[in-house]
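What follows is one structure encoded as structure tokens, with my remarks underneath.
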Number of protein chains: 2
Amino acid sequence: MGKLATEMLKGTLEGIVLAILSTRPAYGYEITAWLRDRGFADIAEGTIYALLIRVERHGLVDVEKVPSEKGPPRKVYRLNADGREYLDEFWRTWGFLTDRLEQLREGGR
Amino acid sequence: MGKLATEMLKGTLEGIVLAILSTRPAYGYEITAWLRDRGFADIAEGTIYALLIRVERHGLVDVEKVPSEKGPPRKVYRLNADGREYLDEFWRTWGFLTDRLEQLREGGR
DNA sequence: CCAACTATTCAGTGTTGCCAAGTACCGGTA
DNA sequence: TACCGGTACTTGGCAACACTGAATAGTTGG
């Protein structure tokens, strides 16, 4: 989607990934593929891995190394209590932002 | 709103300001005040000015220096044709993002 | 004259996502 | 066996953006 989307993703991509993890545990390669399927065609692989390491460092997820049948071991991430709290906060902030922008968008016509 | 909002604003703040400018010309100080009124309480002054200089450099706005009755001259920004096009693109990207997040939000309950 | 408000600029910082390359493990095929 | 493609993760360097804090400057009122 281009450079515009890149900047817009900053801050939201983290929420997106945490939201995915809130429905089920997952690992990096899986998440990347999932996102590509849903239209986030050009999200760089490295981005997701870096993001996962970051949220782990922030203590929002727990990690478990699981052997794979078809490659190196997977790092499976699971949202923990702190992560859920953070995700709630994310949705609140997101809601605030969408409200403002919705008003602006309507005002603009 | 804290650090979360700061990151989420990246990329969208530009759209917000351009959306404001699409309804009428305005200058930095005015825009900052307007945003503060609408709940963007802690947007730094310097941020808006830097953003305005950026969009000017990108050729999305035209500028006119207008004397003020109560202070130094104002730099009044006006959205031009390229700016409108860019704003359209912004709304498309924003729409895409809100759609995905809405789905995720619903899926998360 | 100085304090307060109006109005803009600028240098330095941290966070984020992107890019590109590299490592490593596995199965199938020539 | 040797190689290739798919799986899976890591890393270093880069650019863009918003924030911080301080500086500059014009105007009005006490």
Side-chain angles (χ1 to χ4, degrees), chain A residues 1-18 25-36 40-58 60-61 63-77 86 90 93 97, chain B residues 1-18 25-36 40-58 60-61 63-77 86 90 93 97:
Chain A
M1 300 233 35
K3 206 160 71 63
L4 230 165
T6 290
E7 288 308 322
M8 239 183 267
L9 273 180
K10 289 190 180 175
T12 54
L13 185 56
E14 187 170 301
I16 290 170
V17 169
L18 292 180
Y27 56 97
Y29 194 81
E30 186 185 9
I31 294 173
T32 304
W34 191 90
L35 287 173
R36 288 205 202 289
F40 294 100
D42 43 69
I43 284 188
E45 282 229 56
T47 298
I48 297 299
Y49 290 114
L51 190 157
L52 287 170
I53 287 170
R54 201 168 67 227
V55 292
E56 183 192 355
R57 212 173 53 232
H58 290 339
L60 306 178
V61 294
V63 193
E64 189 189 358
K65 199 158 248 177
V66 176
S68 160
E69 321 85 41
K70 2 173 65 180
R74 299 165 174 164
K75 282 177 73 177
V76 174
Y77 293 86
Y86 186 88
F90 169 81
T93 306
L97 204 54
Chain B
M1 298 232 36
K3 203 162 75 62
L4 231 164
T6 290
E7 289 309 324
M8 233 181 272
L9 274 180
K10 287 188 182 177
T12 55
L13 185 56
E14 188 170 300
I16 290 170
V17 170
L18 292 181
Y27 56 98
Y29 192 81
E30 185 185 8
I31 294 172
T32 304
W34 191 91
L35 287 172
R36 288 206 202 289
F40 294 101
D42 42 70
I43 285 188
E45 284 231 54
T47 299
I48 297 300
Y49 289 112
L51 191 158
L52 287 170
I53 287 170
R54 202 169 65 230
V55 292
E56 183 192 354
R57 210 174 53 232
H58 290 340
L60 308 177
V61 293
V63 193
E64 189 190 357
K65 200 158 248 177
V66 175
S68 159
E69 321 85 40
K70 4 173 64 179
R74 301 162 172 165
K75 281 178 73 178
V76 174
Y77 292 85
Y86 186 89
F90 169 81
T93 305
L97 203 56

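Not measured: the values here are computed from a predicted model.
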*Do the side chain of A:Lys10 and the base of C:dT16 come within less than 3.5 angstrom through a donor-acceptor pair of N or O atoms?*
yes
*Among residues two or more places apart or on two chains, list those pairs meeting salt bridge (charged side-chain N to carboxylate O under 4.0 Å, His left out) that have a residue in residues 8-18 of chain A.*
A:Glu7-A:Lys10, A:Glu14-A:Arg54
_Between A:Asp42 and A:Thr6, does the side chain to side chain contact (heavy atoms under 4.5 Å, CB included) criterion hold? Intermediate values first, please._
CA-CA 9 Å; A:Asp42 43 69; A:Thr6 290; 5.7 Å; no
*Does A:Glu69 or A:Thr6 map to a spot on DNA chain C nearer the 5' end, using the closest nucleotide for each?*
A:Thr6
*Residues in side chain to side chain contact (heavy atoms under 4.5 Å, CB included) contact with B:Pro25, at least two apart in sequence or another chain*: B:Val76, B:Arg78
*CD1 of A:Ile16 versus C1' of C:dT16: gap in Å, rounded?*
14 Å
*First and last nucleotide of DNA chain D in contact with chain B, 5' to 3', at under 4.0 Å to a heavy atom: what are they?*
D:dC17 to D:dT28
*Would you kindly give the CG-to-P distance between B:Leu4 and C:dT15, to the nearest whole Å?*
14 Å
_What I'd like to find out is whether the side chain of B:Leu35 reaches to under 4.5 Å of the side chain of B:Ile16, using heavy atoms alone._
yes
*A:Ile31 and A:Tyr49: side chain to side chain contact (heavy atoms under 4.5 Å, CB included), yes or no, with the steps?*
CA-CA 10 Å; A:Ile31 294 173; A:Tyr49 290 114; over 6 Å; no
*Would you indicate whether the side-chain heavy atoms of B:Glu56 and B:Leu52 approach each other to under 4.5 Å?*
no
_Listed nucleotide nearest any side-chain atom of A:Arg54, set C:dC18, C:dG14, C:dG17_ = C:dG17
*C:dT16 P sits how many Å from A:Ile43 CD1, rounded?*
15 Å
*Can you find a heavy atom in the side chain of A:Tyr77 that is under 4.5 Å from one in the side chain of A:Val17?*
no
_Just to verify, what does A:Lys70 make a side chain to side chain contact (heavy atoms under 4.5 Å, CB included) with, not counting sequence neighbours?_
A:Ser68
*Roughly, in whole Å, what's the span from NZ in A:Lys3 to C1' in C:dC18?*
12 Å
_Check the phosphate of C:dA7 against B:Ser68, side-chain N and O only, distance under 4.0 Å to OP1 or OP2. Yes or no?_
yes
*What residues form a side chain to side chain contact (heavy atoms under 4.5 Å, CB included) with A:Thr32, not counting sequence neighbours?*
A:Arg36, A:Glu45, A:Ile48
Protein N or O to nucleotides 8-12 of chain C N or O, pairs below 3.5 Å:
unit_1, atom_1, unit_2, atom_2, d
C:dT8, OP1, B:Lys75, N, 2.6
C:dT8, OP2, B:Gly28, N, 3.3
C:dT8, OP2, B:Tyr29, N, 2.8
C:dT8, OP2, B:Tyr49, OH, 3.0
C:dT9, OP1, B:Lys75, NZ, 3.1

